[in-house]
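A short worksheet on the structure shown next.
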Number of protein chains: 2
Amino acid sequence: MKQATLKDIAEQLNLSVTTVSKALKGYPDVSKKTRAMVKELAKTLNYKPNTFAVNLRTKESKTIGLIIPVIVHHFFSNVIRGIVAQAEKKGYLVIILQSNESYELEKKQLDLLISQRVDGIIISLANGTADFSHINAIIAQDKPLVMFDKIAKVVQCSKVIIDDRKAAYMATQHLIDTGCKRIAHFRGALLPQNSIDRFLGYKKALIDNGFTYDPSLVYICECGDMSFEEGQKNAKQLLEDHNDVDGIFINTDLVAIGAMTEFSKRGVKIPEDISIVGFSNWFMSSVISPSLTTIDQPGYDMGKSAFKQLFKEIKAKKKNTAFTPKTVTLETALVKRDSTK
Amino acid sequence: MKQATLKDIAEQLNLSVTTVSKALKGYPDVSKKTRAMVKELAKTLNYKPNTFAVNLRTKESKTIGLIIPVIVHHFFSNVIRGIVAQAEKKGYLVIILQSNESYELEKKQLDLLISQRVDGIIISLANGTADFSHINAIIAQDKPLVMFDKIAKVVQCSKVIIDDRKAAYMATQHLIDTGCKRIAHFRGALLPQNSIDRFLGYKKALIDNGFTYDPSLVYICECGDMSFEEGQKNAKQLLEDHNDVDGIFINTDLVAIGAMTEFSKRGVKIPEDISIVGFSNWFMSSVISPSLTTIDQPGYDMGKSAFKQLFKEIKAKKKNTAFTPKTVTLETALVKRDSTK
DNA sequence: TTAACAATCGAAAACGTTTTCGAAAATACC
DNA sequence: GGTATTTTCGAAAACGTTTTCGATTGTTAA
């Protein structure tokens, strides 16, 4: 009752393995009659090509790897969904690994995927990643790779991102437009490009509007497992440090929600006393009260787009045609809710 | 600059492929000297065994498949994390597919995984799955499979679950203990075992406490993509149908949150007018206000446990030893918060 | 000195597929 | 009828590894 092979079919029909293979793959040099015969027997035997053998022969696995910092995360799980859906459409399967924001793990997992000989890799960098030689090594091997969200600008590969700087600018501008006079920022970790860009957008909006940029108003959080708690801690610290802040732009919704929880515990009213804008538009943000004004980050589309890009590169490599890396920038939108006036 | 093979190493050292292979795998019949030589050259050439060839030869892929109804879901993404982490520890990779609560897709994806020749499969059934022949076919093929959370009782395989009936009983009992006199239930879809069990637990708690079970107090929701909206809709309907309900046990947190949103919009106070208990303990439930009393469902541990079980079966199959299916039941806990008195 | 034995290696088959190339058979054309 | 052409098939090599089984050498014991 084991899986049937080409040989089994060939023997039953008194044909050669070659002919059976060709019949199933629709080669022109096999008669309609035998083709039909073969296909029918294949179906009744429930024949499924042995992927191991196919992979060995064709040198492709129809499998891609995905490395993300965290799985349990509204944005990232949407990305996963987008990638998996799109990949399945094109006949690819997705192997998912979680780097846990650790550079070491990320390196190890990249190696794992290479060992597994996936046809391509999609990756969002860990917070801890400052050196990119492991990524460059992949690219040097001519293995298709696309980065998304948490990218490294200096690495020469395709990327799918949003315009973090512009989005952050929008968010900050919104705070200003609604009357905030002194605006703080809870930024993300120091290394990731997107938290840098969001910070820069915040700063630029301030300056463009004639505000003075005050570094003491910028708080850092790692945005890892402890995002919520970091938000609480930063909010508490902010209240101790300053009594005139009336608006905060926060790197991530989850941190923002932590901050809001802390504020309401201490009797600080949102948005009356302090307005808050988050980032990412987690579903959660729409159901808390007050609901959180935020930047919508299209996770599903980013995943879809990342796979599409990767697919193009895989195809290009197969045909041995040149391919120049491309950066796709998706649109974001400000979602106005009750945490701002 | 392509990947080195055993042959490459063999040629450079004037050895046979056989000896090189044996040296790398630590066979005893190769001298320490050549073993060292081979290992060193392998390292400098960055040799990585071709998994396709290894798989073909050994007939195992060191890969497992995972099919879940939805990825973007607090509980399920925790399960993914648990499975992936545990699998990586044992040298297995995980291919993830989303059935989208569709029976047809589930069937197709199961087929895909079989074609891919994964070493085992972990699955949580789609809401739409009423027929289990596709699952039984896998088991008949002697391919290790374990089900979790949304299981089918009649299928003979290992399972990782919680005691849904008991948990629901606990939840309902809590409503009764805190003074609720007329308790409704928003149940899940009709087919899944866990929504049946939760319903039965609810019913039993009522009866054990001398309440009369009233079917008109039970509302259904599919608990798919539209969970939140379903919660709103049901809440609205409930208010139209009844004016004496003072407690609801709801199949899922997200539905509960939808209901709470609707209630507060309509001026119904929680928990003063109506107490609510959800199910699953989404993170979100702790940060909304009022925070939601719920049942904690250990997603990460379930994932971990599911892989461990699968791993045992894979090993058993390899050694050709018998294996009797086992059902692991994990503990749940009532998390008391502000949506109940 | 031989026989027995251990240590070290390699030839070869196998896993199941794909694809190239040539052979045979059938058909067409003159 | 003979030649040219098309149609249909299969032999064989290749992908890279693992493993069985002998072969060869060197070592030990009698």
Side-chain angles (χ1 to χ4, degrees), chain A residues 1-39 41-42 45-63 91 114-119 318-320, chain B residues 1-39 41-42 45-63 91 114-119 318-320:
Chain A
M1 181 60 194
K2 51 185 279 289
Q3 279 289 349
T5 69
L6 290 182
K7 201 173 156 199
D8 296 333
I9 299 180
E11 279 169 0
Q12 285 199 40
L13 295 179
N14 260 329
L15 286 171
S16 74
V17 170
T18 307
T19 307
V20 174
S21 171
K22 286 189 195 166
L24 288 174
K25 303 202 73 195
Y27 274 56
D29 61 344
V30 39
S31 70
K32 287 164 212 340
K33 205 170 54 174
T34 60
R35 190 204 314 278
M37 258 172 37
V38 168
K39 283 199 173 171
L41 184 56
L45 288 183
N46 193 25
Y47 168 77
K48 295 203 176 101
N50 183 318
T51 37
F52 303 154
V54 175
N55 291 348
L56 178 59
R57 190 46 229 240
T58 63
K59 293 174 180 316
E60 51 173 15
S61 62
K62 291 282 184 181
T63 288
I114 292 301
S115 286
Q116 184 71 12
R117 282 177 161 73
V118 293
D119 294 341
K318 229 162 103 179
K319 290 189 196 162
N320 234 332
Chain B
M1 180 59 194
K2 50 185 280 291
Q3 279 290 349
T5 70
L6 290 182
K7 200 173 157 198
D8 297 333
I9 298 179
E11 278 168 2
Q12 284 199 40
L13 296 179
N14 259 329
L15 288 170
S16 75
V17 171
T18 306
T19 307
V20 174
S21 171
K22 286 189 195 167
L24 288 174
K25 304 203 72 197
Y27 273 57
D29 61 345
V30 38
S31 70
K32 288 164 212 339
K33 205 169 55 175
T34 60
R35 189 203 314 278
M37 259 172 40
V38 169
K39 282 199 173 172
L41 184 56
L45 288 183
N46 193 24
Y47 168 76
K48 296 205 177 100
N50 183 319
T51 37
F52 303 154
V54 175
N55 291 349
L56 178 59
R57 191 48 229 236
T58 63
K59 295 173 181 312
E60 50 172 14
S61 62
K62 291 280 182 184
T63 288
I114 292 301
S115 286
Q116 183 71 13
R117 282 176 162 73
V118 293
D119 293 340
K318 230 161 102 179
K319 291 189 194 161
N320 234 332

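Here is the naming used below: chain letters follow the sequence lines, and residue numbers restart at 1 for every chain.
Per the geometry, NZ belonging to B:Lys32 stands 9 Å off P belonging to C:dA7, to the nearest Å. Distance CG (A:Asn55) to P (D:dA14): 21 Å, rounded to an integer number of Å. Distance, A:Met37 CE to D:dT8 P: 14 Å, rounded to whole Å. In this structure, B:Arg57 places its CZ atom 13 Å from P of D:dT17, rounding to the nearest Å. Whole-Å rounding puts the A:Glu11 CD to C:dT17 C1' distance at 15 Å. Going from atom CG of B:Leu13 over to atom C1' of C:dT8 covers 16 Å, rounded to whole Å. Straight-line distance from the OH atom of B:Tyr47 to the P atom of D:dG16: 10 Å, rounded to whole Å. Rounded to an integer number of Å, the gap from A:Leu6 CG to C:dG16 C1' is 7 Å.
Every side-chain hydrogen bond (donor to acceptor under 3.5 Å, both in side chains) that A:Asp29 has, sequence neighbours left out, goes to A:Lys22. Applying the side-chain hydrogen bond (donor to acceptor under 3.5 Å, both in side chains) rule to A:Ser31 yields the partners A:Thr34; only residues at least two apart in sequence or on another chain are considered. Remark: B:Lys48 engages A:Asp111 in a salt bridge (charged side-chain N to carboxylate O under 4.0 Å, His left out) (not counting sequence neighbours). Taking the side chain to side chain contact (heavy atoms under 4.5 Å, CB included) definition, one finds that A:Gln12 meets it with A:Leu41, A:Leu45, sequence neighbours left out.
Contact annotation: the side chain of B:Gln116 approaches that of A:Thr63 to within less than 4.5 Å [non-hydrogen atoms, C-beta and beyond]. You'll find the side chain of B:Lys318 stays beyond 4.5 Å of the side chain of B:Asp119, heavy atoms only.
Counting any heavy atom pair closer than 4.0 Å across all strands shown, A:Thr5 reaches sugar-phosphate atoms only and no base atom. When heavy atoms are screened at a 4.0 angstrom cut-off, B:Phe52 is found touching no nucleic acid atom at all.
Between C:dC9 and B:Thr34, a contact under 4.0 Å exists linking OP1 or OP2 to a side-chain N or O. Taking only side-chain nitrogens and oxygens, A:Lys33 never comes nearer than 4.0 Å to OP1 or OP2 of D:dT8.
Residue whose closest nucleotide on DNA chain D sits further toward the 5' end, between A:Val30 and B:Asn50: A:Val30. Taking for each of B:Lys59 and B:Arg35 the nucleotide of DNA chain C with the nearest heavy atom, the 5'-most of the two is the partner of B:Arg35.
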Side chain to side chain contact (heavy atoms under 4.5 Å, CB included) assessment of B:Tyr47 paired with B:Leu6: CA-CA 8 Å; B:Tyr47 168 76; B:Leu6 290 182; 3.3 Å; yes
Test log, rule side chain to side chain contact (heavy atoms under 4.5 Å, CB included), inputs B:Arg117 and A:Asn50: CA-CA 8 Å; B:Arg117 282 176 162 73; A:Asn50 183 318; 3.8 Å; yes
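Judged purely by atom type and a 3.5 angstrom limit, A:Thr58 uses its side chain to pair as donor or acceptor with the backbone of A:Val54. With hydrogens and angles ignored, the 3.5 Å screen pairs a side-chain donor or acceptor of A:Asp8 with a backbone N or O of A:Thr5.
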Enumerate all atom pairs, one protein N or O and one N or O from nucleotides 5-7 of chain D, separated by less than 3.5 Å.
none

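Listed in residue order, the members of residues 19-26 of chain B having a heavy atom less than 4.0 Å from DNA chain D are B:Ser21, B:Lys22, B:Lys25.
Side chain A:Thr18 to base D:dA12: a donor-acceptor pair is found below 3.5 Å.
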